[in-house]
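In what follows, residues are counted from 1 in the order of the sequence shown.
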Amino acid sequence: MAGIRPRYSKEEFAKRGDALFDKAIRPHLKNEDDDDFVAIDIETGAYEIDADEMAACARLRARVPDAQIWIRRVGSRFAHRFGGAGRPTNK
């Protein structure tokens, strides 16, 4: 089975995904969703929310098999953070 190929540049993915999140999805979210992931099809606007990013993507792909998926964490501009900034230490 061939994978889904991106049809947009990285910049266009981000632009479309963030615009859909801000305009169509954010107004429907609750405070308790802040740590969840949202998977958004940047072409149709369909989305799924879950604490597990893979589960959100799988449900979205079941509904929209050819989805162009943008993922982000609800309470952040990013899906993941790299590095140790902001993490407690045991020292």
Side-chain angles (χ1 to χ4, degrees):
M1 178 177 152
I4 306 290
R5 292 227 182 273
R7 293 187 285 274
Y8 302 91
S9 69
K10 292 177 188 178
E11 294 80 13
E12 185 67 14
F13 246 92
K15 182 176 142 185
R16 286 174 175 242
D18 287 340
L20 282 166
F21 180 81
D22 290 336
K23 291 178 184 154
I25 300 168
R26 185 186 300 275
H28 302 287
L29 300 174
K30 304 173 203 87
N31 287 341
E32 55 266 19
D33 295 327
D34 270 358
D35 288 330
D36 290 347
F37 291 94
V38 61
I40 307 164
D41 176 17
I42 64 167
E43 293 181 322
T44 66
Y47 67 94
E48 290 287 338
I49 299 172
D50 200 287
D52 180 327
E53 67 186 295
M54 297 303 286
C57 288
R59 283 200 316 273
L60 181 56
R61 194 129 354 250
R63 290 178 34 217
V64 185
D66 199 27
Q68 294 288 296
I69 300 176
W70 176 250
I71 303 170
R72 69 180 280 176
R73 195 175 289 270
V74 172
S76 173
R77 288 192 57 225
F78 312 101
H80 298 282
R81 178 180 68 215
F82 295 97
R87 293 188 165 230
T89 61
N90 291 333
K91 293 183 179 182

- Query: Salt bridge between Arg7 and Asp66, side-chain N to carboxylate O under 4.0 Å?
  - Reply: yes
- Message: Salt bridge check, Lys15 against Glu11: does any charged N sit closer than 4.0 Å to a carboxylate O?
- Response: no
- Between Arg16 and Gly45, is there a donor-acceptor pair closer than 3.5 Å when you use the side chain of the first and the backbone of the second? no
- Item | Any side-chain heavy-atom pair of Gln68 and Asp41 under 4.5 Å | yes
- Flag yes if more than 12 heavy atoms outside Asp35 fall under 6.0 Å of its CG atom; otherwise flag no. no
- Minimum heavy-atom distance Ala51-Phe37, with the two atoms named: O-CD1, 3.4 Å
- Identify the heavy atoms of Ala56 and Glu48 that sit nearest to each other, and give their distance. O-CB, 3.4 Å
- Message: So, taking the atom named CE in Met54 and the one named CZ in Arg61, what distance separates them when rounded to the nearest 0.5 Å?
- Response: 9.5 Å
- Item | Atom pair CD1/CD1 of Ile49 and Ile25 - distance to nearest 0.5 Å | 7.0 Å
- Among Leu60, Ile40, Leu20, Ile42, side chain to side chain contact (heavy atoms under 4.5 Å, CB included) partner for Tyr47: Ile40
- Task: Would you please classify the geometry between the Phe13 ring and the Trp70 ring as parallel, tilted or perpendicular, with 30° and 60° separating the classes?
- Result: tilted
